[in-house]
Every structure is written in C-alpha cells, then in structure tokens.
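Count residues from 1 along the sequence. Order of listing sets the numbers, starting from 1, for every ligand and every atom in it.
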Amino acid sequence: MSKPAVRVAVTGAAGQICYSLLFRIANGDLFGKDQPVILQLLDLPQAQKAVNGVVMELEDCAFPLLSGVVVTDDPKTAFRDIDAALLVGARPRSQGMERRDLLSANAEIFKVQGRALNEAAKRDVKVLVVGNPANTNAYITMKSAPDLPAGNITAMLRLDHNRAVSQLAAKAGVGPAEIEKIAVWGNHSPTMYADYRFATAKGQPLPKLINDETWYRETLIPTVGKRGGAIIEARGASSAASAANAAIDHMRDWVQGSNGRWVSMGVPSDGSYGIPEGIIFGVPVICSGGKYERVKGLEIDEFSRKMMDKTLAELIEERDAIADLLK
Ligand code: NAD
Ligand code: LMR
C-alpha cells in the first residue's frame, strides 16, 4: 500500500525556476521515490493561464508519484495543510542590480505569505525561501508567522555551497562527491563567506591539497560570491535549473537526511558564532530524522571573523531597512 501523499506548496509556479523544480518534485527527487506528493501551486492572477500550461505538461509526464495539483492565486489556499513550502515567487534581479536592490519589490510578498503560512500550514511545515534577497525574505516570513517554529523557516545558501564545491573540486582535481565539510556562512550575496578550512577530499585536508591560499582568498571566495551575477551577464536571466537543483538538495537533505555530510543552510541564528539570535545566517548543518543540527564548536580565526562580520553587517542593514514593514 502506498504512503499518504505529502502536500507541498510552491510559489512562483509560472516562473523560470519552477519550470525545472516542479518536475523534479513530481519525479520524487525531494521526498523520495516511494512518497506520493500533491503540488499546491501559487502565482499571481495574471500568471494563472501560464501555470495551467505547466500543469498540462506535468500531466503529460504521467508521474506515478503525483497524486494531485492545486492551482491558485490565494496564498491561504496554496498553504492549506501543507508539509513543506518552497517560496520561489518574487522578482529576479537584472544586470547591474544587487540582490538587496530587490528588497523594496519583494519584501511585502513575504509578509503576506508568512501570515498565510501562519494561518493555514501544518504546524511543523518546513519552509525554504528562494526568492531574493533570500535571507531577509526568510526573516520577514519568520516574523510574520509567529505561531510556527522559527527554526523551520530557512533560506537557500545551497546554490552557493554547490558552487563552492564544484570550483574547489576542479582546482583540486577530484570529483565533487569527494569534497566534504564545506561551509558557506552568512548572506546569499557577494559578502557570503565560502569557508574551506575544515574541508577534506579523499580524507585529506583540502587546503593542503590545493596549497594556494592566495587563490582561495582572492579568486575562489569572490568567484562563488559573484557567480549569480556572472550567470545573469552570460544568460541574460538569473540562474534557474541550478537554483531548482539546489532547492531540491536543501529540502531533500532536510527531509531525508544528509548522511552525516555538512551542508549549508540559512537558518535563524541561535546566538552561536557571535551571530545575533534570529538573524537568518548561512551555517554548516548536518541533517537527520527530518531535523538539522548546526555544526558546533568550529574555530573562528581572524580572517573568518572579519568575513563573517562583513556579511553580518549587511544582513543587519537589510533587517533595519524592512523594520517598518514588520510593525
Ligand atoms: P521569474 O520571474 O521567472 O518567476 C517569478 C514568478 O513569481 C513569476 O511567475 C511571478 O508571476 C511570480 N510571482 C511574483 N510575485 C508573486 C507572488 N506575490 N506570489 C506568487 N508568485 C509571485 O523568476 P525566477 O527566475 O523563477 O526567480 C524567482 C526568484 O528566485 C527571484 O527573486 C530570484 O532572484 C530568486 N533566486 C534565488 C536564488 C537563491 O540561490 N536563493 C537562486 C536563483 C534565483
Ligand atoms: C543566484 O545566485 O544565481 C541567484 O540568487 C540569482 C541572482 O540574482 O544572483
């Protein structure tokens, strides 16, 4: 007998990221190959026709695990009784913008959706915010949903984590799966800090294997930080398939476990590592049994402290910029 279906809400269903994401979820890539899913799709009224076209394509895939689809422009209907939410729907940036420039366009969306989640979702709903600026939008969502566990509102740093793994693997001449213990700290913005100090490849310390600290500091960190902008420059549109893949990785590991591996998630700070409580900050975590646990007790050296303070200062600025919205 098959398991009861889980309900997952996805916003921005007519957009670029969802054109990849929805098909991966329906294929069982997030909840597992034996877990039926019901997709609850939210987009704006003017995008409903396009969402219906995507639903026609989902039908045409005849996915065995897809047991239902709800299409709506009402957040409460989309979030009714859901187990998980992927909040993608928001404006993307174009060339010349930083992600925080989207704050005025997108912040209100997350206030409205946070309130709707608070009212309609299951009390243990797992929420991933993808829409930019992701950390601060997750902060707005968390503050607008006071009856949900704050720790269940998370922001996507996994694309940055995967980008760092890929660049480091290429430099070290190993496969991405051989790299372990990467951490991406802070904001999903160019100030993020991709930290390879604890990383290993084939059991060997990665910094020793690469043996080029100047390359790490002056090339790797800014390359990962500015990768989103480089993709916009090259493609004329922001990353979509890789963003969808990272969203699947983030939620799959949270739901099904990360098998002891470190992954980076933007989560509300518990005050550790000198990050004020409640700020949504990228940290290394290990997931198991449907929960994530921060990797604790890591040494923060002088360089790391400087990097973490810089990304924290930006997050505090963003938080202060939306303070009025939350009154
Ligand atoms: P897109 O413009 O192709 O699609 C956005 C969709 O959201 C559209 O269909 C739009 O109608 C919908 N939308 C807008 N307001 C909405 C609302 N209030 N409720 C529901 N739906 C709404 O954009 P995209 O390329 O899919 O990107 C979506 C967001 O994801 C952007 O903010 C982008 O910057 C962000 N992003 C984040 C990461 C990350 O790593 N965190 C990576 C890539 C993209
Ligand atoms: C990315 O990192 O690719 C996304 O956040 C899109 C962007 O604006 O950079």
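- Looking only at atom types and distance, the side chain of Asn245 has a donor-acceptor partner in the side chain of Arg24 under 3.5 Å away.
- Using modelled atom types and a 3.5 Å distance limit, the side chains of Glu314 and Ser189 yield a donor-acceptor pair.
- Of the listed residues (His250, Met97, Gln16, Arg99), the one carrying the non-hydrogen atom nearest atom 1 (P) of ligand 1 is Gln16.
- For atom 5 (C) of ligand 1, the nearest non-hydrogen atom from the set Ala138, Ala90, Gly12, Ala243 belongs to Ala90.
- Not a single N or O atom of Asp160, backbone or side chain, sits closer than 3.5 Å to an N or O atom of ligand 2.
- Ring geometry, Tyr196 versus Tyr216: the interplanar angle falls under 30°, so the pair is classed parallel (tilted spans 30 to 60°).
- Near Arg91, the atoms of ligand 1 lying under 4.0 angstrom from a non-hydrogen atom of the residue are 31 (C), 32 (O).
- Residue Ser239 places no N or O, backbone or side chain, under 3.5 Å from any N or O of ligand 1.
- Using modelled atom types, no side-chain atom of Ser288 and backbone atom of Asn259 make a donor-acceptor pair closer than 3.5 Å.
- In this comparison of Ile17, Ile232, Ile109, the heavy atom closest to atom 24 (P) of ligand 1 sits on Ile17.
- Residue contact check for ligand 2: Leu102 places no non-hydrogen atom closer than 4.0 Å to it.
- The side chain of Leu159, and not its backbone, has at least one atom closer than 4.0 Å to an atom of ligand 1 (non-hydrogen atoms only; side chain from C-beta on).
- Residue contacts with ligand 2 include His188, since one of its heavy atoms falls under 4.0 Å from the ligand.
- With contacts defined as side-chain heavy-atom distances shorter than 4.5 Å, the pair Ile153/Pro268 does not qualify.
- The closest non-hydrogen atom to atom 7 (O) of ligand 1, taken over Ala246, Gly89, Ala244, Ser94, comes from Gly89.
- Remark: the backbone N or O of Ile280 is paired with a side-chain donor or acceptor of Asn135 at under 3.5 angstrom.
- With a heavy-atom cut-off of 4.0 Å, Val130 touches ligand 1 through backbone and side chain alike.
- Side-chain atoms of Asn27 never come within 3.5 Å of backbone atoms of Asp29 as a donor-acceptor pair (strictly under, hydrogens ignored).
- Atom 8 (O) of ligand 2 has its closest protein heavy atom at Arg93 NE, 2.5 Å.
- Remark: among candidates Pro92, Pro45, Ala14, Gly15, the nearest residue to atom 2 (O) of ligand 1 is Pro92, based on non-hydrogen atoms.
- Of the listed residues (Leu87, Val129, Asp43, Asp74), the one carrying the non-hydrogen atom nearest atom 12 (C) of ligand 1 is Asp43.
- Taking a 4.0 Å cut-off on heavy atoms, Met192 fails to register as neighbouring ligand 2.
- With a heavy-atom cut-off of 4.0 Å, Glu98 does not touch ligand 2 at all.
- Under a 3.5 Å cut-off, the side chain of Gln256 and the backbone N or O of Leu30 do form a donor-acceptor pair.
- Only the side chain of His188 comes within 4.0 Å of ligand 1, counting heavy atoms alone; its backbone N, CA, C and O stay farther away.
- Interface of Met156 with ligand 1, defined as ligand atoms under 4.0 Å from a residue heavy atom, comprises 39 (C), 40 (O), 41 (N).
- The shell of residues lying under 4.0 angstrom from ligand 1, judged by heavy atoms, excludes Ala240.
- Remark: the backbone N or O of Ile275 is paired with a side-chain donor or acceptor of Ser269 at under 3.5 angstrom.
- Ligand 1 is approached by Gln113 to a heavy-atom distance shorter than 4.0 Å.
- With respect to the salt-bridge test (charged N to carboxylate O, under 4.0 angstrom), the residues Asp309 and Lys306 do not qualify.
- Those atoms of ligand 1 with a heavy atom of Gly131 less than 4.0 angstrom away are 29 (C), 30 (O), 32 (O), 35 (C).
- Leu42 and Phe23 are members of different hydrophobic clusters when ILVMFWY side chains are connected at heavy-atom separations under 4.5 Å.
- Close approach of ligand 2 to Arg163 (heavy-atom distance below 4.0 Å) involves ligand atoms 1 (C), 2 (O), 3 (O).
- Contacts between Ile231 and ligand 2, counted as non-hydrogen atom pairs separated by less than 4.0 Å, are absent for every part of the residue.
- Contact of the Ser242 side chain with the Leu159 side chain is registered, since non-hydrogen atoms from C-beta on lie closer than 4.5 Å.
- Applying the 4.0 Å criterion to heavy atoms of Gly228 picks out, from ligand 2, the atoms 1 (C), 2 (O), 3 (O), 9 (O).
- The number of heavy-atom neighbours closer than 6.0 Å to CZ of Arg197, taken from other residues, nucleotides and ligands shown, is above 12.
- Between Trp185 and Phe281, the ring-plane angle classifies as tilted under the 30° and 60° cut-offs.
- Ranked by closest heavy atom to atom 36 (N) of ligand 1, the top entry among Ile231, Asp73, Asn132 is Asn132.
- Taking a cut-off of under 4.0 Å to the non-hydrogen atoms of Ile232, the atoms of ligand 2 that pass are 7 (C), 8 (O).
- Below 3.5 Å of separation, one finds an N or O of Arg99 facing an N or O of ligand 2.
- Residue contact check: Ser238 has heavy atoms under 4.0 Å from atoms 6 (C) of ligand 2.
- Judged purely by atom type and a 3.5 angstrom limit, Asn106 has no side-chain atom pairing as donor or acceptor with the backbone of Ala90.
- Between the Gln35 side chain and the Pro4 main chain, a donor and an acceptor come within less than 3.5 Å of each other.
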